[in-house]
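Only one structure is covered here, and it is reproduced in the block below.
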Protein chains: 2
Amino acid sequence: MNIGAAATRTGLPAKTIRYYEDIGLVTPERASNGYRSYSDSDCHKLAFVGRARAHGFSVEDCRTLLALYEDQSRASADVKRLAQQHLTEIEAKISDLQQMHATLSRLVQSCAGDDRPDCPILSDFAKGGRG
Amino acid sequence: MNIGAAATRTGLPAKTIRYYEDIGLVTPERASNGYRSYSDSDCHKLAFVGRARAHGFSVEDCRTLLALYEDQSRASADVKRLAQQHLTEIEAKISDLQQMHATLSRLVQSCAGDDRPDCPILSDFAKGGRG
DNA sequence: GGTTGACCTTCCCGTAACAGGAACCTTTAT
DNA sequence: ATAAAGGTTCCTGTTACGGGAAGGTCAACC
């Protein structure tokens with residue numbers, strides 16, 4: 001399978017697939033003409049990575065997950081630990097964003113939003129008030 | 001005020017302050033020895049940017065906000081619109097993260113997390129199932 | 001056989017917002 | 001004189017690719 005077909009199958013852009021080869025994540029064979037040749041197994045790995053990425057895992061985490069996936073003697077505890085850490089990071093991000101949203105939302109609501117210059121948003125940024 | 005003092009006052013790292021000069025966001029005078037010399041007004045701008053950044057605005061948004069702040073004839077509507085767009089982006093990110101969290105959370109809960117290899121998390125990534 | 005057009009290759013730059021560190025200068029204190 | 005604590009510029013690295021140039025390959029069509 002050429003890279004285009006692999007891209008179609010996995011839903012990943014060809015650029016991304018080449019990048020994954022660059023960093024040694026999924027390394028295909030080469031045909032005699034130099035084209036990358038993806039096996040079903042390669043595609044499977046690419047799709048695996050694509051789904052892990054969709055769950056927010058970093059590419060390096062994906063490398064670990066892929067290694068665990070291929071290691072028949074893995075302990076599910078190792079996978080769970082990684083996923084749990086990732087969940088914690090997600091929670092932290094959500095919390096940060098919610099905090100930002102709450103504060104900014106209040107500011108936006110208090111802003112008239114008309115053609116006058118008075119603006120509580122700018123005032124807050126200027127003075128650091130917390131109202 | 002040298003950059004160190006400005007950094008202490010604004011809570012921004014010196015590296016960040018130099019970067020803001022590089023991109024023309026806050027440009028200080030120079031002393032005869034070549035050192036950057038920050039006025040109170042410069043510090044005020046830096047602090048303004050720091051707070052806007054803390055609310056999640058991009059540096060380019062900060063540039064716009066700073067320009068609006070300095071424009072006495074601004075319309076608060078322009079500020080409000082920008083903030084509202086930013087709020088919408090924040091909401092989208094929160095939503096994405098919550099989606100990830102929900103899915104991954106379910107997977108983590110269904111994983112035994114012991115020394116056996118069976119792992120619903122890996123199975124999901126391998127097969128794309130949605131349980 | 002020639003020529004399109006779609007596909008592939010490598011390589012290099014750009015992204016956002018800085019952090020780290022090297023090599024070097026200035027100021028202040030001892 | 002020297003050492004410490006500041007400052008300066010400049011270059012590299014970060015994350016995960018996207019865009020695009022310059023050129024090779026392949027299948028089809030006239």
Side-chain angles (χ1 to χ4, degrees), chain A residues 1-39 42-43 45-66 86 89-90 93 96-97 100, chain B residues 1-39 42-43 45-66 86 89-90 93 96-97 100:
Chain A
M1 218 184 321
N2 285 349
I3 197 169
T8 302
R9 279 221 195 175
T10 62
L12 297 174
K15 277 279 189 183
T16 297
I17 298 180
R18 284 194 200 98
Y19 173 68
Y20 289 165
E21 183 186 0
D22 274 358
I23 62 171
L25 192 57
V26 176
T27 308
E29 296 291 312
R30 292 292 181 135
S32 53
N33 58 6
Y35 285 18
R36 291 171 180 81
S37 180
Y38 289 89
S39 68
D42 291 331
C43 268
K45 291 182 200 174
L46 287 173
F48 180 101
V49 171
R51 286 187 209 102
R53 293 281 298 134
H55 283 80
F57 285 96
S58 72
V59 169
E60 284 314 304
D61 277 348
C62 289
R63 193 192 297 276
T64 303
L65 287 168
L66 207 48
H86 183 46
E89 286 169 24
I90 291 175
K93 285 186 189 173
D96 281 359
L97 288 171
M100 278 182 197
Chain B
M1 219 184 321
N2 285 348
I3 197 170
T8 302
R9 278 219 195 176
T10 61
L12 297 175
K15 276 281 189 182
T16 298
I17 298 180
R18 283 194 201 97
Y19 174 67
Y20 290 165
E21 183 184 0
D22 274 358
I23 63 172
L25 192 57
V26 176
T27 307
E29 297 291 311
R30 292 293 181 134
S32 53
N33 59 7
Y35 286 17
R36 290 170 180 81
S37 181
Y38 289 89
S39 67
D42 291 331
C43 265
K45 290 184 199 173
L46 287 172
F48 180 100
V49 171
R51 287 188 209 101
R53 292 280 298 134
H55 283 79
F57 285 96
S58 73
V59 169
E60 284 315 304
D61 278 349
C62 289
R63 194 191 297 276
T64 303
L65 288 168
L66 208 47
H86 183 46
E89 287 170 23
I90 290 176
K93 285 186 188 174
D96 282 358
L97 288 171
M100 280 183 196

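Lettering of chains follows the sequences in order, A, B, ..., and the numbering in each one begins at 1. Just so we're clear, the structure is a prediction, and the values are computed from it rather than from any experiment.
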Check: residues 3-15 of chain A side-chain donor-acceptor pairs under 3.5 Å, at least two apart:
from: A/Thr8; atom 1: OG1; to: A/Gly4; atom 2: O; distance (Å): 3.0
from: A/Thr10; atom 1: OG1; to: A/Ala6; atom 2: O; distance (Å): 2.8
from: A/Thr10; atom 1: OG1; to: A/Leu12; atom 2: N; distance (Å): 3.2

Report all interatomic pairs (protein N or O, nucleotide N or O of nucleotides 7-9 of chain C) with separations under 3.5 Å.
from: C/dC8; atom 1: OP1; to: A/Gly4; atom 2: N; distance (Å): 2.5
from: C/dT9; atom 1: OP1; to: A/Arg36; atom 2: N; distance (Å): 2.8
from: C/dT9; atom 1: OP1; to: A/Arg36; atom 2: NH1; distance (Å): 2.8
from: C/dT9; atom 1: OP2; to: A/Arg18; atom 2: NE; distance (Å): 3.2
from: C/dT9; atom 1: OP2; to: A/Arg18; atom 2: NH2; distance (Å): 3.2
from: C/dT9; atom 1: OP2; to: A/Arg36; atom 2: NH1; distance (Å): 3.2
from: C/dT9; atom 1: O5'; to: A/Arg36; atom 2: NH1; distance (Å): 3.3

Inter- and intrachain pairs under ring-ring contact (aromatic ring centres under 6.0 Å, His included), touching residues 47-66 of chain B, at least two apart | A/Phe125-B/Phe48, A/Phe125-B/His55, A/Phe125-B/Phe57, B/Phe48-B/Tyr69, B/Phe57-B/His86

N/O contacts under 3.5 Å, protein versus nucleotides 12-14 of chain C?
none

Can you check whether B/Thr16 has a side-chain N or O nearer than 4.0 Å to OP1 or OP2 of C/dA17?
-> no

Residue pairs passing the salt bridge (charged side-chain N to carboxylate O under 4.0 Å, His left out) test with at least one member in residues 19-30 of chain A, sequence neighbours excluded, are A/Glu21-A/Arg30, A/Glu21-A/Arg36

Report yes or no: does A/Asp42 contribute a side-chain atom to a donor-acceptor pair with the main-chain N or O of A/Ser39 at less than 3.5 Å?
-> yes

In terms of heavy-atom contacts, A/Lys45 and A/Val26 come closest through CB-CG2, 3.9 Å

Within residues 19-27 of chain A, those residues having any heavy atom closer than 4.0 Å to DNA chain D are A/Tyr19, A/Tyr20

Which residues pass the side chain to side chain contact (heavy atoms under 4.5 Å, CB included) test with A/Asn33, sequence neighbours left out?
-> A/Ala31, A/Tyr35

Nearest-Å distance, CE (B/Met1) to C1' (D/dG7)?
-> 16 Å

In residues 56-64 of chain B, which residues come under 4.0 Å of DNA chain D by heavy atom?
-> none

Among all residues two or more places apart in sequence or in another chain, which pass the side chain to side chain donor-acceptor pair (under 3.5 Å) test with A/Asp61?
-> none

Test side chain to side chain contact (heavy atoms under 4.5 Å, CB included), reference A/Val59, set A/Val49, A/Thr16, A/Leu25, output is A/Leu25

To 10°, what angle do the rotation axes through the five end pairs on each side of the helix from C/dG1-D/dC30 to C/dT30-D/dA1 form?
-> 30°

Sorted by chain and number, sequence neighbours left out, ring-ring contact (aromatic ring centres under 6.0 Å, His included) with A/Tyr20 holds for none

Can you tell me how far C1' of C/dA16 sits from CD of B/Glu89, to the nearest Å?
-> 14 Å

Could you list the residues that satisfy salt bridge (Lys or Arg N to Asp or Glu O under 4.0 Å) with A/Arg53, not counting sequence neighbours?
-> none

